[in-house]
Amino acid sequence: MTSFGDRILGLGLLVLAVVYGWAAQQWPEPFGGAEGVGPETFPTILSVVLVAGSLYLMIRPDPDAQWPVGKSALELSISLVVLVVYTLLLEPLGFVISTTLAVGTLSWRMGGAPLKAFMTGLVSAVVVFVLFNYGLSLSLPGGLLEVN
């Protein structure tokens, strides 16, 4: 991939960021008024960060960038599949289980020992779940672990 490829990627990510940011603004305001960091603000923050990263790629591309080949391309493909499966399992399994599986698998593929990788996934999932559900009042799907 050349610097031209970085610019094309940056443009694609910029379009994604603008569409995502626009979609975040279309969500209805929650009952009781807007929140400090709620379902509208958080995606907007993500969109702004993605816009900044996209513009950086377009303005200052890497002149020596190369397409990944061989094992690197395979690992990136596996990572992409893991992230797609994660999005599909998020609702039915819940945040903690699906995040444990995704982070654990990605950590393992990056060279971590399987037990440590999945423990990292579990700890990460529980910390983020508690932070979002109880600290920020942003409910994440409970899935199989949901208590009624």
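Since the structure is predicted, the reported quantities are computational estimates derived from the model, not experimental observations.
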**Student:** What pairs of residues pass the salt bridge (Lys or Arg N to Asp or Glu O under 4.0 Å) test when at least one of them lies in residues 122-132, not counting sequence neighbours?
**Tutor:**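 Pairs touching residues 122-132 that pass the test: none.
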**Student:** Throw together a table of side-chain donor-acceptor distances under 3.5 angstrom for residues 45-56, partners on residues two or more places apart or in other chains.
**Tutor:**
unit_1 : atom_1 : unit_2 : atom_2 : d
Ser47  : OG     : Ala17  : O      : 2.7
Ser54  : OG     : Leu14  : N      : 3.2
Ser54  : OG     : Leu50  : O      : 2.7

**Student:** Name all residues meeting the side chain to side chain contact (heavy atoms under 4.5 Å, CB included) criterion together with Arg109; count only those two or more places apart in sequence or in a different chain, and write none if there are none.
**Tutor:**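 Result, side chain to side chain contact (heavy atoms under 4.5 Å, CB included) vs Arg109: Glu75, Ile78, Thr105.
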**Student:** Name all pairs fulfilling the salt bridge (Lys or Arg N to Asp or Glu O under 4.0 Å) condition that reach into residues 131-145, sequence neighbours left out, sorted by first residue then second.
**Tutor:**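 Those involving residues 131-145 do not exist here.
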**Student:** Begin with the C-alpha distance, continue with both residues' side-chain angles, and end with the deciding distance and a verdict on side chain to side chain contact (heavy atoms under 4.5 Å, CB included) for Val128 and Thr99.
**Tutor:** CA-CA 10 Å; Val128 170; Thr99 301; over 6 Å; no
**Student:** Quick one: side chain to side chain contact (heavy atoms under 4.5 Å, CB included) partners of Leu131, sequence neighbours excluded?
**Tutor:**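 If we apply the side chain to side chain contact (heavy atoms under 4.5 Å, CB included) test to Leu131, skipping adjacent residues, there are no hits.
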**Student:** For residues Tyr86 and Ser98, report the shortest heavy-atom separation together with the two atoms involved.
**Tutor:**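 So the minimum-distance heavy-atom pair works out to CD1-O, 3.4 Å.
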**Student:** Taking ILVMFWY side chains as joined if any heavy atoms are under 4.5 angstrom apart, and letting links pass through other members, which residues group with Val127?
**Tutor:**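 Answer for Val127: Val123.
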**Student:** Under the ring pair (Phe, Tyr, Trp, His ring centres under 6.0 Å) definition, can you give me all pairs with a residue in residues 108-141, not counting sequence neighbours?
**Tutor:**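 Counting only pairs at least two positions apart or across chains, the ring pair (Phe, Tyr, Trp, His ring centres under 6.0 Å) contacts touching residues 108-141 are Phe42-Phe132.
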**Student:** Considering all heavy atoms of both residues, which atom of Leu122 and which atom of Thr100 are nearest to each other, and what is their separation?
**Tutor:**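 It is CA-OG1, 3.4 Å.
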**Student:** Return the CG to CG distance between Leu11 and Leu16, rounded to the nearest 0.5 Å.
**Tutor:**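 Between atom CG of Leu11 and atom CG of Leu16 there are 11.5 Å.
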**Student:** Given a cutoff of under 4.5 Å between side-chain heavy atoms of I, L, V, M, F, W and Y, with clusters grown through shared members, what are the other residues clustered with Val15?
**Tutor:**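 Answer for Val15: Val19.
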**Student:** Which residue pairs pass the salt bridge (Lys or Arg N to Asp or Glu O under 4.0 Å) test when at least one of the two sits in residues 79-90, sequence neighbours left out?
**Tutor:**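 Residue pairs with at least one partner in residues 79-90: there are none.
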**Student:** So for atom CE, which belongs to Met119, do other residues, nucleotides or ligands contribute more than 12 heavy atoms lying within a distance under 6.0 Å?
**Tutor:**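 No, the 6.0 Å shell around CE holds no more than 12 heavy atoms from other groups.
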**Student:** Got a list of side-chain donor-acceptor pairs under 3.5 Å for residues 87-97, not counting sequence neighbours?
**Tutor:**
unit_1 : atom_1 : unit_2 : atom_2 : d
Thr87  : OG1    : Val84  : O      : 2.6

**Student:** Got a sec, which hydrophobics cluster with Leu76, joining ILVMFWY side chains under 4.5 Å apart, including via others?
**Tutor:**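 Joined to Leu76, directly or through intermediates: none.
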**Student:** Not counting sequence neighbours, list each pair that qualifies as a salt bridge (Lys or Arg N to Asp or Glu O under 4.0 Å) and has a residue in residues 112-126.
**Tutor:**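 Qualifying pairs: none.
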